Undergrad: 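Here it is, the structure, as structure tokens.
Only a predicted model underlies this, so the values are computations on that prediction, with no experimental measurement involved. Note on naming: letters A, B, ... go to the chains in the order of the sequence lines (proteins, then strands), and numbering restarts at 1 for each one.
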2 protein chains.
Amino acid sequence: MSSQETKADLLRQHLAGVIDQGLEPHSKLPAERELATEFEVSRLTVRRALDRMEQEGLVYRVQGAGTFVAAPRITKSVELTSFSEDMRSRGLEPGSRLLIGETVAAGARYGAKLQVSPAQDVLHIRRVRTADGEPMCLEDTYLNPARFPGLMQHIGNESLYRVMETRYGARIEWAEQSIHASVLGPQDAEILHAPAFSPAFFVTRTSFDTMDRPIEYAESTYRADRYHYELRIQRNR
Amino acid sequence: MSSQETKADLLRQHLAGVIDQGLEPHSKLPAERELATEFEVSRLTVRRALDRMEQEGLVYRVQGAGTFVAAPRITKSVELTSFSEDMRSRGLEPGSRLLIGETVAAGARYGAKLQVSPAQDVLHIRRVRTADGEPMCLEDTYLNPARFPGLMQHIGNESLYRVMETRYGARIEWAEQSIHASVLGPQDAEILHAPAFSPAFFVTRTSFDTMDRPIEYAESTYRADRYHYELRIQRNR
DNA sequence: AAGTGGTCTAGACCACCCG
DNA sequence: GGGTGGTCTAGACCACTTT
């Protein structure tokens, strides 16, 4: 999965392993030219490996001095993952309960989000997403049914992203996400088994493929007592 | 500022300008080898320029086919900026009202965040941050006074980040940020001129320099009616 | 088959840090 | 001054898309 089989990536994996198995923070790595000789690759290839490791926060570089092991990180940068992956990475078992699955007229709002005519049908899926059986968020997803014919038959506990990718070849490449703080209305509170007016995240997300075509639009309400965001933010270069 | 004066960066700026001034989304850019010939640089230099443009979401590439103009973006990726820069980028005039500025014992919590002994003093600054005169957030900042002697004399309406960088040479390179949804307590509500129990973001941030030394720890409470987060998230490669 | 992006090489010069 | 990262060149082969 994460292996690209390129020399740069193999070197990156190797160096990451070496660092992981006992190199102290701020200890110096061999010079780029040394690594190039030792691993019989060009210096550019070494640099590509180190570039990525630097971006991941594994090492830092000081011009004229060298490349050094960075202090271990608590937080990872926000990544684009499905709810399922997200929960598993937190050590929770993801689940899902389907409330609604129907086609409705897109209307102005969802038509614009999915770049289809307002008169066209869109597929509306409403699910309660659970973690270890406990309700975590209420999610309304809108899709273009022309692109995913018969999708509802495949929706089980499997990740929606996985179904879209494996059965329809729709790979999500990036997404725009907007995060608002809110409180739970009485109805949402009941569905989420939480007190009314308790804090919540209201998140909208539009997902796109590599050609920038919108794949999915989703509105999610998260219980804030169970969910928060961790970001690692880099200074503009 | 944003110009690195490298050939790759000059080419990037030039291409960004060309795209900005009227190229339609999905129109094809010249091949990398063509660009290299035309601008009399090597192909690798062209690729570095395009790499960055791809990361910024200006173009996308399809192997075997070419490089294409991406659809315009609404959202920018989260960037590490000061409150002042952040507000200016939203077209608002940032302001600040100092409530507290004193040294206190670090204690376990802030000592750990700033990697100093719990018995050592830390500088605690509490400010109401305003946008166009309206309270936007309540911010408690903790700093190591040994690193910023006499800091309080320089705090005016100038950005704290600017003071730290210009007067103390402390340049923040990255930060870990944790975002929680919450509601305003009565006291915070009064300070922020908002109704009690209205939605709010509670954000903690630890800022580091290039050597991964903690510079600043801050806890901020934002009025959610005036603030939200826009993220652009990229798929893991 | 031709064109394009993805990867890689070997070598060069520069700017910066350190002993 | 020697070592290091930052940038750049000219050329090569591969994998993939398009014609």
Side-chain angles (χ1 to χ4, degrees), chain A residues 2-15 19 26-70 169 171 173 209-212 235-237, chain B residues 2-15 26-70 169 171 173 209-212 234-237:
Chain A
S2 103
S3 71
Q4 300 293 116
E5 294 297 324
T6 66
K7 291 188 183 181
D9 215 59
L10 290 171
L11 176 56
R12 183 192 117 259
Q13 289 174 39
H14 177 259
L15 291 176
I19 289 175
H26 309 294
S27 52
K28 193 169 173 304
L29 293 184
E32 295 176 353
R33 289 168 180 80
E34 266 182 74
L35 289 171
T37 307
E38 182 179 345
F39 292 94
E40 296 179 305
V41 296
S42 76
R43 190 177 154 216
L44 181 65
T45 303
V46 173
R47 281 187 63 75
R48 272 215 296 277
L50 291 177
D51 281 347
R52 180 153 169 199
M53 293 173 72
E54 185 178 27
Q55 205 176 6
E56 289 172 343
L58 265 173
V59 301
Y60 63 90
R61 299 196 269 200
V62 181
Q63 178 169 154
T67 303
F68 305 88
V69 178
R171 178 174 170 78
E173 192 59 27
D209 64 11
T210 45
M211 312 263 301
D212 297 345
R235 183 71 154 172
N236 272 349
R237 338 168 209 192
Chain B
S2 100
S3 71
Q4 300 293 116
E5 294 296 324
T6 66
K7 290 189 183 181
D9 215 59
L10 290 171
L11 176 57
R12 183 193 118 261
Q13 288 175 37
H14 176 260
L15 290 176
H26 309 295
S27 53
K28 192 169 173 305
L29 293 185
E32 295 176 352
R33 290 168 179 80
E34 267 183 72
L35 289 171
T37 307
E38 182 179 345
F39 292 94
E40 295 180 305
V41 294
S42 76
R43 192 179 153 213
L44 181 64
T45 303
V46 173
R47 280 186 65 75
R48 273 216 296 276
L50 291 177
D51 281 347
R52 179 151 170 201
M53 292 173 73
E54 185 178 27
Q55 206 177 4
E56 289 172 342
L58 265 172
V59 301
Y60 62 91
R61 299 198 268 201
V62 181
Q63 177 168 154
T67 303
F68 305 88
V69 177
R171 179 174 169 76
E173 191 60 26
D209 63 13
T210 45
M211 310 264 301
D212 297 345
Q234 197 78 26
R235 184 70 154 172
N236 274 347
R237 342 170 209 191

Undergrad: Give the rounded distance in Å between these two atoms: CD of B:Glu32 and C1' of C:dT7.
TA: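 Atom CD in B:Glu32 sits about 11 Å away from atom C1' in C:dT7.
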Undergrad: The side chain of A:Val41 is closest to which nucleotide in this list: D:dT4, C:dG5, C:dT9?
TA: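 Of all the options, the side chain of A:Val41 is nearest to C:dT9.
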Undergrad: Which pair of non-hydrogen atoms, one from A:Ala49 and one from A:Ala8, has the smallest distance, and what is that distance?
TA: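 Closest heavy-atom pair between A:Ala49 and A:Ala8: CB-O, 3.4 Å.
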Undergrad: So does B:Arg48 get a side-chain nitrogen or oxygen closer than 4.0 Å to the phosphate oxygens (OP1/OP2) of D:dC8?
TA: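 For B:Arg48, the contact criterion (side-chain N or O under 4.0 Å from OP1 or OP2 of D:dC8) is met.
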Undergrad: Write down the distance between CG (B:Asp51) and C1' (D:dC8), rounded to a whole number of angstrom.
TA: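 Taking CG of B:Asp51 and C1' of D:dC8, I get 15 Å after rounding.
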Undergrad: Which nucleotide in the list C:dT9, C:dC16, D:dT4 gets nearest to the side chain of A:Lys28?
TA: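 Given the options C:dT9, C:dC16, D:dT4, the side chain of A:Lys28 is closest to D:dT4.
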Undergrad: When you get a sec, tell me which of D:dT7, D:dC8, C:dC8 is the closest nucleotide to the side chain of A:Arg47?
TA: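 Ranking D:dT7, D:dC8, C:dC8 by closest atom to the A:Arg47 side chain puts D:dT7 first.
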Undergrad: Return the nearest nucleotide to the side chain of B:Ala65; candidates are D:dC8, C:dG5, D:dT18.
TA: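 So the nucleotide nearest the side chain must be D:dT18.
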Undergrad: With the side chain of A:Thr45 defined as its heavy atoms from C-beta on, choose the nearest nucleotide among D:dG6, D:dC8, C:dT9.
TA: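 Selected nucleotide (nearest to the side chain): C:dT9.
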Undergrad: Testing the 3.5 Å rule here: is there a donor-acceptor pair between the side chains of A:Gln13 and A:Asp9?
TA: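 A:Asp9 and A:Gln13 do have a side-chain donor-acceptor pair below 3.5 Å.
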Undergrad: Starting at atom CG of B:Leu44, determine the distance to atom P of C:dG11, rounded to an integer number of angstrom.
TA: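 Taking CG of B:Leu44 and P of C:dG11, I get 17 Å after rounding.
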Undergrad: Choose from D:dT7, D:dT4, C:dG5 the nucleotide whose nearest atom is closest to any side-chain atom of A:Glu34.
TA: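 Per side-chain heavy atoms of A:Glu34, the pick is D:dT4.
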Undergrad: Decide yes or no, distance alone: a donor-acceptor N/O pair under 3.5 angstrom between the base of D:dG6 and the side-chain of A:Arg43.
TA: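 When only heavy-atom distances are counted, A:Arg43 does reach the base of D:dG6 through a donor-acceptor pair under 3.5 Å.
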Undergrad: What's the separation between atom CG in A:Leu50 and atom OH in A:Tyr60, rounded to the nearest 0.5 Å?
TA: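 It is 14.0 Å, given to the nearest 0.5 Å.
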Undergrad: For the side chain of B:Arg61, starting at C-beta, report the closest nucleotide among C:dG6, C:dT9, D:dG5.
TA: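 Of the candidates, C:dG6 comes closest.
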Undergrad: B:Leu11 CG to D:dT9 C1': how many Å, rounded?
TA: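 Interatomic distance, CG of B:Leu11 to C1' of D:dT9: 15 Å.
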Undergrad: Take atom NZ of B:Lys7 and atom C1' of C:dC14, then tell me their distance rounded to the nearest Å.
TA: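 Rounding to the nearest Å, NZ of B:Lys7 and C1' of C:dC14 are 12 Å apart.
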Undergrad: Rounding to an integer number of Å, can you tell me how far A:Gln63 CD sits from C:dA15 P?
TA: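 The answer, rounded to whole Å, is 10 Å.
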Undergrad: On DNA chain D, nearest-nucleotide positions of A:Gly66 versus B:Ser42: which is more 5'?
TA: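 Between the two, 5'-proximity favours A:Gly66.
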Undergrad: Using atom CZ of B:Phe39 as one end and atom P of D:dT9 as the other, report the distance to the nearest whole Å.
TA: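 Answer to the nearest Å: 13 Å.
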Undergrad: Whole angstrom is fine here: how far is it from CZ in B:Arg52 over to C1' in D:dT7?
TA: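 Value for this atom pair: 15 Å.
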Undergrad: Below the 4.0 Å mark, does D:dG5 have OP1 or OP2 next to a side-chain nitrogen or oxygen of A:Thr67?
TA: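 So the side chain of A:Thr67 is within the cut-off, an N or O lying under 4.0 Å from OP1 or OP2 of D:dG5.
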Undergrad: Tell me if the side-chain of A:Arg33 makes a donor-acceptor pair with the base of C:dG11, cut-off 3.5 Å, by modelled atom types.
TA: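 Flag unset: no donor-acceptor pair detected.
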Undergrad: Run the salt bridge (charged side-chain N to carboxylate O under 4.0 Å, His left out) test on A:Arg61 and A:Glu32 for me, step by step, so that the C-alpha distance in whole Å, both residues' side-chain angles and the decisive distance to 0.1 Å come before the verdict.
TA: CA-CA 11 Å; A:Arg61 299 196 269 200; A:Glu32 295 176 353; 3.2 Å; yes
Undergrad: I need the minimum non-hydrogen distance between A:Leu44 and B:Leu44, along with the two atoms involved.
TA: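 Shortest heavy-atom separation between A:Leu44 and B:Leu44 comes out as CD2-CD2, 4.1 Å.
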